[in-house]
Amino acid sequence: MAKIPKNRQDSEMIGSWQEQTNFEHVSDGYASQPVVKPPKNETAKSSYATFFTPELQEDLGKALLTLKLNLYKEGIVDYAIKVSCETNQVVLKAVPLNKQPKQR
């Protein structure tokens, strides 16, 4: 095990480490300096994403998972989801991709 050198300067021990400001620095005056955060890439999101709140995304995800499990129980693994709009409703329909031959 290496020995720890003695009589070192603070700058030698800390190096380039800098403490981040938090509530403890309010009296120091550091809190008055604004923290610069990089801008979020809002252009990557679709304009339709604004319609979905996090709660709605969770409810929709649960409903789609239930649909997937029900289709799996019926033996349907490959399917496509077709979206249609009827008066005041948005309807999602699962359509099997490969139709199985009728059993005789």
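Take Asn88 and apply the side-chain contact (heavy atoms from CB on, under 4.5 Å) test, not counting sequence neighbours, and it matches no residue. Partners of Ser84 by side-chain contact (heavy atoms from CB on, under 4.5 Å), not counting sequence neighbours, listed by chain and number: Glu86, Val91.
When the side chains of ILVMFWY residues are joined at heavy-atom separations under 4.5 Å, either directly or via intervening members, Leu64 and Val77 end up in two distinct hydrophobic clusters. Hydrophobic clustering keeps Val95 apart from Leu92 (ILVMFWY residues linked when any side-chain heavy atoms are closer than 4.5 Å, directly or through intermediates).
Contact between Phe51 and Leu56 at its shortest, heavy atoms only, is O-CD2, 3.7 Å.
Atom CD1 of Ile76 and atom CG of Leu97 lie 10.0 Å apart (nearest 0.5 Å).
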Which atom pairs, donor and acceptor, lie under 3.5 Å between side-chain atoms of residues 65-75 and protein residues at least two apart or in another chain?
unit_1: Thr66; atom_1: OG1; unit_2: Lys62; atom_2: O; d: 2.9
unit_1: Asn70; atom_1: ND2; unit_2: Thr66; atom_2: O; d: 3.4

